[in-house]
Amino acid sequence: MKEEISIIEAFCIVWKRKAKLFSATLLGICLGLVGSCFIKPSYHLKAIISLPHIITTSRTEKVIIPISFVQETTQILMDGIKNNDYQYVQNIIPVPPNVLKNLKSIKTKSIKGRFAELEIVSLKQKGMISLLDKLVGYLNNLSYTRNKLKKEKKLIEKDIRVYSSKIPKMKDIISNVDIQIKRKKIHIIGFNPINMELNLAKTQQTLNFLKYQLENLEGYTIVSTHLLKEEPSRIIVILIGGILGFIAGMIIIFLKSDIDKEE
């Protein structure tokens with residue numbers, strides 16, 4: 001019964017001072033409205049980067065090493081920015097200090113196959129694409145990346161020479177066998193013309209694929225970019241201001257009530 005009376009009393013106290021509660025809530029909403037005007041929008045740049053095909057001793061390392069380079073580099077950059085060590089960051093990616101000061105975050109979001117998704121968040125749009133280009137340039141300029149791509153190029157060129165030398169020999173053999181079959185009208189044991197033609201076609205296909213690999217051999221490459229401007233949610237800020245104003249009004253009302261009772 002006492003609890004019921006206390007609730008009724010509390011309601012009566014609030015009702016008597018509802019004007020003050022309304023004023024406090026309205027003040028909170030106004031402060032939230034003013035505060036929302038000072039919140040700056042942020043820019044989100046999402047980029048897909050293709051990882052280089054790097055020959056290594058183990059199959060798993062082929063994927064892990066290029067991925068770890070991206071993840072470690074973005075983490076190092078983020079640590080430098082958090083510590084306001086812009087000089088250290090500029091040693092990695094030479095971009096103006098004002099671009100770094102506006103940077104909120106840079107991270108590797110996900111890895112799918114040979115593609116990595118990066119996200120850069122900044123308070124200003126200017127310099128974001130340049131920062132991404134410099135980051136990719138840094139990754140490609142790593143001695144490990146350059147040496148491994150050079151090794152890959154040599155291996156592909158070696159395979160191209162091997163398969164290029166095979167094709168004329170295979171064509172000569174097919175031609176000679178065909179001539180002998182036509183002249184003598186006999187089947188030569190060990191030589192199946194159909195299988196030989198198929199092997200020639202496969203060899204030519206492999207050679208074409210190797211040439212394609214050589215032409216498209218590259219390091220880290222920007223595949224696509226998507227820039228999104230994210231406006232702050234002003235309504236949420238205003239609502240939070242109103243709620244805080246309401247809570248502050250309730251506290252003031254009950255404090256005033258206790259003071260009045262003591263007097």
Q: Group every Ile, Leu, Val, Met, Phe, Trp and Tyr by side-chain heavy-atom contacts under 4.5 Å, then state whether Ile48 and Val121 land in the same group.
A: no
Q: Closest heavy-atom contact between Gly249 and Ala24?
A: CA-CB, 3.6 Å
Q: Strictly distance-based, threshold 3.5 Å: is any side-chain N or O of Ser42 a donor or acceptor partner for the main-chain N or O of Leu123?
A: no
Q: Got a donor-acceptor contact below 3.5 angstrom from the Asn102 side chain to the Asn98 backbone?
A: yes
Q: Looking at side-chain heavy atoms only, is the closest gap between Met128 and Leu227 below 4.5 Å?
A: yes
Q: How long is the gap from NZ on Lys211 to CD1 on Ile156, to the nearest 0.5 Å?
A: 13.5 Å
Q: Any side-chain to backbone donor/acceptor pair from Ser175 onto Lys171? Under 3.5 Å, distance only.
A: no
Q: Carefully, step by step, assess Met170 and Asn199 under the rule side chain to side chain contact (heavy atoms under 4.5 Å, CB included).
A: CA-CA 9 Å; Met170 293 176 75; Asn199 289 334; 3.7 Å; yes
Q: Check whether any side-chain heavy atom of Thr206 lies under 4.5 Å from a side-chain heavy atom of Leu210, and answer yes or no.
A: yes
Q: Please evaluate residues Ile106 and Leu135 with respect to the criterion side chain to side chain contact (heavy atoms under 4.5 Å, CB included), reporting the C-alpha separation (whole Å), side-chain torsions for both, the decisive distance (0.1 Å), and the verdict.
A: CA-CA 11 Å; Ile106 176 169; Leu135 173 60; 4.0 Å; yes
Q: Check whether any side-chain heavy atom of His44 sits under 4.5 Å from a side-chain heavy atom of Lys229, and report yes or no.
A: no
Q: If every non-hydrogen atom of Ile81 is compared with every non-hydrogen atom of Leu100, which pair is closest and at what distance?
A: CG2-O, 4.2 Å
Q: Atom CD1 of Ile160 and atom NZ of Lys153: how far apart are they, to the nearest 0.5 Å?
A: 10.5 Å
Q: Which distance, rounded to the nearest 0.5 Å, do you find between the CE of Met250 and the CG of Leu21?
A: 6.5 Å
Q: Is a side-chain N or O of Thr225 found less than 3.5 angstrom from the main chain of Ala47, in a donor-acceptor match?
A: no
Q: Mind checking whether Leu77 and Tyr88 sit in one hydrophobic cluster, side chains of I, L, V, M, F, W, Y counted as touching below 4.5 Å?
A: yes
Q: Count I, L, V, M, F, W, Y as connected when their side-chain heavy atoms are under 4.5 Å apart, and connections chain through other members. Are Ile120 and Ile76 then in the same cluster?
A: yes
Q: Set out, in order, the CA-CA distance, both residues' side-chain angles and the distance that settles side chain to side chain contact (heavy atoms under 4.5 Å, CB included) for Leu139 and Thr145, then state yes or no.
A: CA-CA 7 Å; Leu139 291 169; Thr145 307; 5.7 Å; no
Q: For Leu103 and Leu131, what are the C-alpha separation, side-chain angles and deciding distance, and is it a side chain to side chain contact (heavy atoms under 4.5 Å, CB included)?
A: CA-CA 10 Å; Leu103 197 65; Leu131 188 147; 4.0 Å; yes
Q: Side-chain contact, heavy-atom cut-off 4.5 Å: Met78 with Lys107?
A: no
Q: Are Leu142 and Leu132 connected in the hydrophobic side-chain network, where two residues link if heavy atoms are under 4.5 Å apart?
A: yes
Q: Side-chain contact, heavy-atom cut-off 4.5 Å: Thr221 with Ile49?
A: no
Q: For ring-ring contact (aromatic ring centres under 6.0 Å, His included), just list the numbers for Tyr144 and Phe69, CA-CA rounded to whole Å, side-chain angles, deciding distance to a tenth of an Å, and then say yes or no.
A: CA-CA 10 Å; Tyr144 182 89; Phe69 282 163; 5.5 Å; yes
Q: Would you say Glu157 has more than 12 foreign heavy atoms packed within less than 6.0 Å of its CD?
A: yes
Q: Do Leu207 and Ser164 have side-chain heavy atoms sitting under 4.5 Å apart?
A: yes
Q: Any heavy-atom pair between the side chains of Gln87 and Val89 that's under 4.5 Å?
A: no
Q: Quick one: does Ser122's side chain have a donor or acceptor within less than 3.5 Å of a partner on Lys124's backbone?
A: yes
Q: With a 6.0 Å cut-off (strictly less than), is the heavy-atom count around OH of Tyr43, excluding the residue itself, greater than 12?
A: yes
Q: Using a 3.5 Å distance criterion without hydrogens, assess whether the side chain of Asn141 forms a donor-acceptor pair with backbone atoms of Gly137.
A: no
Q: Look up atom CD1 in Ile93 and atom OG1 in Thr73, then write down how far apart they are to the nearest 0.5 Å.
A: 9.5 Å
Q: In this structure, would Tyr138 and Val95 fall into the same cluster of hydrophobic residues linked by side-chain contacts under 4.5 Å?
A: yes
Q: Kindly compute the distance separating CD (Gln71) from CG (Leu118), expressed to the nearest 0.5 Å.
A: 10.0 Å
Q: Would you say the side chain of Ser50 lies within less than 4.5 Å of the side chain of Tyr220, judging by non-hydrogen atoms?
A: no
Q: Using every non-hydrogen atom in the two residues, find where Lys134 and Pro94 come nearest and quote the distance to one decimal.
A: NZ-O, 3.7 Å
Q: Might you point out which heavy atoms bring Thr203 and Lys166 nearest each other, and give the distance in Å?
A: CG2-CB, 4.3 Å
Q: If you round to the nearest 0.5 Å, how far is CG of Leu217 from CG of Leu149?
A: 5.5 Å
